[in-house]
Trainee: 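One structure follows; several queries about it will come next.
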Amino acid sequence: MISISNTATNLGVVTDGTLDMSGHVKKIVRAASFAYTAYTVPRHHINRASSTLVHAFVSSRLDYCNSLSYGLPAKEIQKLQRIQNSAARIVTRCSKHSHITPILQQLHWLPIRERITYKVVLLTYKALHDMAPMYIAGLLAQYQPSRSLRSSTQCLLRRPPPSRTTHYGDRSFAAFAPTIWNDLPMSIRSKTSLDSFKTALNTHLFVNCFW
């Protein structure tokens, strides 16, 4: 007899019928908790190599396919943020009661929500510059006004019509990517090299988050 499961795993990402990604968030939290357990030693005994391993282990899991987490409820984002906060305190050897914002600033780490935005925008840039698969690039369309306007040279994307299913449709890449992209400054959207775009985008998100 074949048993029915409420979740499915594809390329390491756990999804369910509601697409709330709660199962995937739980998986990340469990993996990160395992990493922290391995380093349950006094903070003054944690060397730089150990803290770097924690950073690499945790960040790789937080960032893996994290564009799928766009639009998640705040409670799910907060679970992931607590994981990043713990990693930051381990890396800097700070007390668990230390205020986290200065620590993230010191490490120059983007918080979870901004990391998700970074991944979405980076994927959008690659799709517009033939660096992404066609099935992703095909979800985006350049904005072409019906008559000659200044906006026609602003590197804007056409926003799709409102979705009938706000819970699902508005969280699709085709729906939210144009909105995020169009909200970026023209100076970032018009970057011609990937490296300069990544640097400018990271700085933009960091400044908007902390200042």
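In this text the structure is predicted, and so the values were computed from the model without any measurement.
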Trainee: Do His204 and Pro185 touch side chain to side chain, with heavy atoms closer than 4.5 Å?
Mentor: yes
Trainee: Pairing donors with acceptors under 3.5 angstrom, does anything connect the side chains of Asp20 and Ser22?
Mentor: yes
Trainee: In the structure I gave you, are the side-chain heavy atoms of Tyr143 and Asn182 within less than 4.5 Å of one another anywhere?
Mentor: no
Trainee: Is it possible for you to say whether Tyr135 and Leu122 belong to one hydrophobic cluster, with membership spreading through side-chain heavy-atom contacts below 4.5 Å?
Mentor: yes
Trainee: Do Thr15 and Thr7 touch side chain to side chain, with heavy atoms closer than 4.5 Å?
Mentor: no
Trainee: Looking only at side chains, do Gln81 and Gln84 share a donor and an acceptor under 3.5 Å apart?
Mentor: yes
Trainee: Centre-to-centre under 6.0 Å for Trp211 and Phe206, is that the case here?
Mentor: yes
Trainee: Are Val14 and Val25 close enough that some pair of their side-chain heavy atoms sits under 4.5 Å apart?
Mentor: no
Trainee: So do His108 and Gln105 actually touch side chain to side chain, heavy atoms under 4.5 Å?
Mentor: no
Trainee: Please determine whether the number of non-hydrogen atoms from other residues, nucleotides or ligands lying under 6.0 Å from atom CG of Asp183 exceeds 12.
Mentor: yes
Trainee: Is a donor from one side chain sitting under 3.5 angstrom from an acceptor on the other, for Thr199 and Ser196?
Mentor: no
Trainee: Applying salt bridge (Lys or Arg N to Asp or Glu O under 4.0 Å) to Asp63 and Lys119, what does each step give before you reach the verdict?
Mentor: CA-CA 8 Å; Asp63 291 341; Lys119 183 66 71 65; 5.8 Å; no
Trainee: With a 4.5 Å cut-off on side-chain heavy atoms, are Ile103 and Ile100 touching?
Mentor: yes
Trainee: With the side chain counted from C-beta on, respond yes when Tyr125 and Leu201 share a heavy-atom pair under 4.5 Å apart, and no when they do not.
Mentor: no
Trainee: Can you give me the closest heavy-atom contact between Lys191 and Ala200, atom names plus distance?
Mentor: CE-CB, 3.9 Å
Trainee: Are His129 and Thr192 close enough that some pair of their side-chain heavy atoms sits under 4.5 Å apart?
Mentor: no
Trainee: Could you label the plane-to-plane angle of the Phe176 and Phe173 rings as parallel, tilted or perpendicular, counting under 30° as parallel and over 60° as perpendicular?
Mentor: perpendicular
